Chemist: 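First the structure, which I've put down as structure tokens, then a few questions once you've had a look.
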Number of protein chains: 2
Amino acid sequence: MMNLSIAEENYIKSIYKLEEEGQEAVTTNALANELDTKPASVTDMAKKLKEKQLISYEKYQGINLTSEGKKAALSIIRRHRLWECFLVDKLSFSWEEVHELAEELEHVRSEKLINRLSDFLGNPQIDPHGDPIPDALGKMGKPRVQTPLHKAKAKRLEVVAVSDKSTALLEFLNAKGIRLGTQLDVIERYEFDNSIELKIRNQPAFTISEQVSKNIMVKPI
Amino acid sequence: MMNLSIAEENYIKSIYKLEEEGQEAVTTNALANELDTKPASVTDMAKKLKEKQLISYEKYQGINLTSEGKKAALSIIRRHRLWECFLVDKLSFSWEEVHELAEELEHVRSEKLINRLSDFLGNPQIDPHGDPIPDALGKMGKPRVQTPLHKAKAKRLEVVAVSDKSTALLEFLNAKGIRLGTQLDVIERYEFDNSIELKIRNQPAFTISEQVSKNIMVKPI
DNA sequence: ACTTTTATTTAGATTTACCTAAACTTTATT
DNA sequence: AATAAAGTTTAGGTAAATCTAAATAAAAGT
Ligand SMILES: [Mn+2]
Ligand SMILES: [Mn+2]
Ligand SMILES: [Mn+2]
Ligand SMILES: [Mn+2]
């Protein structure tokens, strides 16, 4: 596997993410938006990554990772999520603080370092946001059947992941007492704005917007 | 303190190192050599760092860090050495493996991260090569009176640091059983090539070159 | 089918961090 | 003091990663 620049790694990771979110072919605009850059820059980089055989790309046809590209993406994601575990488990950061830091730490490329880190952490399977961690060979468990709260049918649910890692959302969840493993009772669903009234065991009920519930992944208990 | 690029940080750190080694003003050539780059590139960067007020520099007169520059250098060195401690103490790397990795990790700039890391490690005072670690305020203990083995007078000595961090030297020292804290008996000094015959407690005596002894810092016991 | 809107690409610049080759200073040697 | 050698800077260029503005293609509306 060849050496990628930090910029190239960030592109690969974002392409992986958008593909995972369902995009058949990742569009120039979607990538520009995800990476907070301009479409023209994406087109430039697309040519370069195609040259390196990490993506398939034809003018106006969007982008897809090749199997080489997927391998690279999984390796970067593994680093990212292990560093997040380290920060939370060992340095007592909270889940809304670690994404930005891991965004930088993930670019230190050393197999040996990352495998030792994994051992040191007890080879964790999920990161602080509930996302699965690829193993040293790039295997990432099952695709994880993620039901977002706004589509869940059961009344009693457990939080298994959050899909948006922004500080804004995570701080909101902190304030409401929602974290990984939290058990929720759905009291009411309001059709008007798709808001949901929730209750956590000994606490008073509260309401969250659809925007929020879309980003909370749950499983029935 | 402004934001420095990785390249700028590496320059600042190298200037600090060369100043520490005694250079009144750091020369263009010395820096180019230290950073494995070309003198013309050093001149370019010198202009930029002067602009940012991190160094004082006049054409043909060499380079010196300003107090701002020193502050920046100490912060980078703190990060470098704490990561080295982490790698050795927590991930069981050996001392010859950690310099290159720390060379990358040091560029993740977060006060909070580095202070938590320091706490996590028990606020160590010296790194795996015997070098002192600046505290959060940039204080670095005493300048440490480092006697290189080739100049030491006493017969019984303890290894307190190594000044060259190359894998080559450190692996050589590993092979000879020399590490931090090792106690050495000087058996003989050969005037011809300044080689030194040494003995470590239960082991057979062996001889090291001046090249090596220059890089082993000792104190009498 | 034609037109408007949206998405994407190209053309041409910019910034950072390098480089080589040539010019210029400083220092050392006759 | 004059010349040679060594060190340093300038001039001009390259590659990566970005940008804006203009051109072109695809999609959506009528
Ligand atoms: Mn990143
Ligand atoms: Mn995460
Ligand atoms: Mn470095
Ligand atoms: Mn060190």
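We use all heavy atoms of the structure for the numbers below, so side chains are in, but hydrogens, waters and symmetry mates are not. In what follows, chains are A, B, ... by sequence order, proteins preceding strands, each numbered from 1. None of these values were measured; they are calculated from a predicted model.
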Chemist: Has the side chain of B/Arg81 got a donor or acceptor atom that lies under 3.5 Å from a matching backbone atom of B/Ile133?
Modeler: no
Chemist: Taking CG from B/Asn33 and C1' from D/dT8, how many angstroms apart are they, rounded to a whole number?
Modeler: 15 Å
Chemist: Within this structure, what is the CD-to-P distance between B/Glu51 and C/dT15, rounded to whole angstrom?
Modeler: 14 Å
Chemist: Among A/Glu96, A/Lys165, A/Glu84, which residue meets the side-chain hydrogen bond (donor to acceptor under 3.5 Å, both in side chains) test with A/His129?
Modeler: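 Single side-chain hydrogen bond (donor to acceptor under 3.5 Å, both in side chains) partner of A/His129 among A/Glu96, A/Lys165, A/Glu84: A/Glu84.
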Chemist: Can you confirm whether or not the ring centre of B/Phe86 sits under 6.0 Å from the ring centre of A/Phe86?
Modeler: yes
Chemist: Tell me whether the OP1 or OP2 atom of C/dC19 has a side-chain N or O from B/Thr37 closer than 4.0 Å.
Modeler: yes
Chemist: Are B/Tyr57 and D/dT8 close enough that a side-chain N or O sits under 4.0 Å from OP1 or OP2?
Modeler: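 No, because none of the side-chain N or O atoms of B/Tyr57 sits under 4.0 Å from OP1 or OP2 of D/dT8.
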Chemist: Can you tell me the distance, in whole Å, between the CD atom of A/Glu58 and the P atom of C/dT8?
Modeler: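 Roughly 15 Å, once rounded to whole Å.
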Chemist: Quick one: what's the B/S/- string for nucleotides 20-29 of chain C, heavy-atom cutoff under 4.0 Å, read 5' to 3'?
Modeler: B---BS----
Chemist: Go through the structure and list residues passing salt bridge (Lys or Arg N to Asp or Glu O under 4.0 Å) with A/Glu197, not counting sequence neighbours.
Modeler: none
Chemist: Just checking, is any N or O donor in the side chain of A/His107 or A/Asn10 under 3.5 Å from an acceptor N or O on the other one?
Modeler: yes
Chemist: If I take atom NZ in residue B/Lys47 and atom P in nucleotide D/dT8, what distance separates them, rounded to the nearest angstrom?
Modeler: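 Rounded to the whole Å, the gap is 14 Å.
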Chemist: I need the CD1-P distance between B/Ile6 and C/dC18, as an integer number of Å.
Modeler: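 Nearest whole value for this atom pair: 11 Å.
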Chemist: What is the distance, to the nearest angstrom, from the CG atom on A/Asp44 to the P atom on D/dT20?
Modeler: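 My rounded result for the distance is 13 Å.
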Chemist: OP1 or OP2 of D/dA6 less than 4.0 angstrom from a side-chain nitrogen or oxygen of B/Asn29, does that happen here?
Modeler: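 So the side chain of B/Asn29 is outside the cut-off, no N or O lying under 4.0 Å from OP1 or OP2 of D/dA6.
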Chemist: Can you find a side chain N or O atom of A/Thr28 that sits less than 4.0 Å from OP1 or OP2 on C/dT9?
Modeler: yes
Chemist: Would you kindly give the CD-to-C1' distance between A/Glu9 and D/dA16, to the nearest whole Å?
Modeler: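 So the CD-C1' distance, A/Glu9 to D/dA16, works out to 15 Å.
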Chemist: Rounded to the Å, how far apart are A/Met45 CE and C/dT10 P?
Modeler: 16 Å
Chemist: Would you mind checking if A/Arg189 and A/Glu210 are paired as a salt bridge, meaning a charged N to carboxylate O distance below 4.0 Å?
Modeler: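 Salt bridge flag = no for A/Arg189 with A/Glu210.
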Chemist: Return yes when atom CD of A/Glu21 has more than 12 non-hydrogen atoms of other residues, nucleotides or ligands closer than 6.0 Å, and no otherwise.
Modeler: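 Enclosed.
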